[in-house]
J.: 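Pasting a structure below so you can have a look.
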Amino acid sequence: MNYQRKNLQIIFCFTLALLLPAAGSAAVTNMTAAEIVDLLSSNTLSGWDEEQYPIHLYYGSNGVTKGKRIRKGVHFDFGNWRTTDEGQYCQQWNRWLKKELVCFYIYPLGNNKYRLKSVSGKYSLRFRLRHGDPESLRVN
């Protein structure tokens, strides 16, 4: 009987240890508009697009952006970006994404990595922040 009780205590403690970090951790919240401006202005996001091709996006502090996508060659596009009061980052390209204005929430994942989830739910992408313009995409 003592043996069974001790085993149950061990199982209970092990289960509790597995559950506590999840229950005690704060929910991941999206960034605010001010945080997004600080994050993106004069920096680059690098990752993979929705078709899993490498992509690099440079964000000028003037609201202009330039992207480089590597798929059967190197393709560039220009566009504009802005934030909203609701904590969304919105972007419109001259050619990419059918010139559609697409808005995203940005969630920090740690270690300079971020998840971008479109408001429509159509896109969910992961990027890492690279300080400055390592891909020489600067837009005047």
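All values reported here derive from a predicted model rather than from experimental measurement. Side chains included, hydrogens not; waters and symmetry mates left out as well; all remaining heavy atoms used.
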J.: Rounded at 0.5 Å granularity, tell me how far OG1 in T44 sits from NE2 in H56.
T.: 9.0 Å
J.: Nearest 0.5 Å, please: how far is CD1 in I36 from OG in S41?
T.: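 Result: 10.5 Å between the selected atoms.
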J.: Apply side chain to side chain contact (heavy atoms under 4.5 Å, CB included) to the pair I70 and W48, showing each step before the final yes or no.
T.: CA-CA 9 Å; I70 304 166; W48 290 266; over 6 Å; no
J.: Could you state the interatomic distance from CG (L137) to CG (D77), rounded to the nearest 0.5 Å?
T.: 11.5 Å
J.: Side-chain heavy atoms under 4.5 angstrom apart, residues restricted to Ile, Leu, Val, Met, Phe, Trp, Tyr: same cluster for L129 and L125?
T.: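 Linked within one cluster.
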J.: Run the numbers on W93 and L57 for side chain to side chain contact (heavy atoms under 4.5 Å, CB included), then give the verdict.
T.: CA-CA 11 Å; W93 294 100; L57 309 171; 3.5 Å; yes
J.: Is there side-chain contact between Y58 and P134, with heavy atoms separated by less than 4.5 Å?
T.: no
J.: Is there a side chain to side chain contact (heavy atoms under 4.5 Å, CB included) between L39 and M31? Walk through the geometry before answering.
T.: CA-CA 10 Å; L39 175 76; M31 298 177 74; 3.9 Å; yes
J.: For R69, is there an ion pair with D49 - N to carboxylate O distance below 4.0 angstrom?
T.: yes
J.: In this structure, are over 12 heavy atoms from other groups packed under 6.0 Å from R71 atom CZ?
T.: yes
J.: State, yes or no, whether a side-chain contact exists between I55 and F127 at a heavy-atom distance under 4.5 Å.
T.: yes
J.: If every non-hydrogen atom of L97 is compared with every non-hydrogen atom of E50, which pair is closest and at what distance?
T.: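 That closest heavy-atom pairing would be CD2-OE2, 4.1 Å.
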J.: Could you tell me which non-hydrogen atom of P108 sits nearest to which non-hydrogen atom of T29, and how far apart they are?
T.: CD-O, 3.8 Å
J.: Between Q88 and Y105, is any side-chain donor less than 3.5 angstrom from a side-chain acceptor?
T.: yes
J.: Applying ring-ring contact (aromatic ring centres under 6.0 Å, His included), name anything that partners F104, two or more places apart in sequence or on another chain.
T.: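 Y89.
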J.: Step by step, work out the side chain to side chain contact (heavy atoms under 4.5 Å, CB included) result for R130 and E135.
T.: CA-CA 10 Å; R130 298 170 69 197; E135 299 293 322; 2.8 Å; yes
J.: Compare every heavy atom of L109 with every heavy atom of R126, then report the nearest pair and how far apart it is.
T.: NH1-CD1, 3.5 Å
J.: Do N94 side-chain atoms and F78 backbone N/O form a donor-acceptor pair below 3.5 Å?
T.: yes
J.: Measure across G87 and N30 and return the closest heavy-atom pair with its distance rounded to 0.1 Å.
T.: O-ND2, 3.5 Å
J.: Using the side-chain hydrogen bond (donor to acceptor under 3.5 Å, both in side chains) rule, collect all pairs that involve residues 108-118, keeping only residues at least two apart or in two chains.
T.: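 As it turns out, the side-chain hydrogen bond (donor to acceptor under 3.5 Å, both in side chains) pairs with a partner in residues 108-118, which skip direct neighbours, are R115-S124, S118-S120.
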J.: Using 0.5 Å steps for rounding, measure from the NZ atom of K68 to the CZ atom of F76.
T.: 5.5 Å
J.: Under 4.5 Å between any side-chain heavy atoms of Y123 and V102, yes or no?
T.: yes
J.: Output the distance between atom OG1 (T65) and atom CZ (R82), rounded to the nearest 0.5 Å.
T.: 14.0 Å
J.: So which heavy atom on N43 is nearest to which on G132, and how close?
T.: OD1-N, 2.8 Å
J.: If the threshold is 4.0 Å, N to carboxylate O, is there a salt bridge linking K122 and E100?
T.: no
J.: Roughly how far, to the nearest 0.5 Å, is the CD atom of Q92 from the CH2 atom of W81?
T.: 15.5 Å
J.: Evaluate the criterion side-chain hydrogen bond (donor to acceptor under 3.5 Å, both in side chains) for residue pair R128 and S46; output intermediate values, then yes/no.
T.: CA-CA 5 Å; R128 73 181 162 93; S46 293; 5.2 Å; no
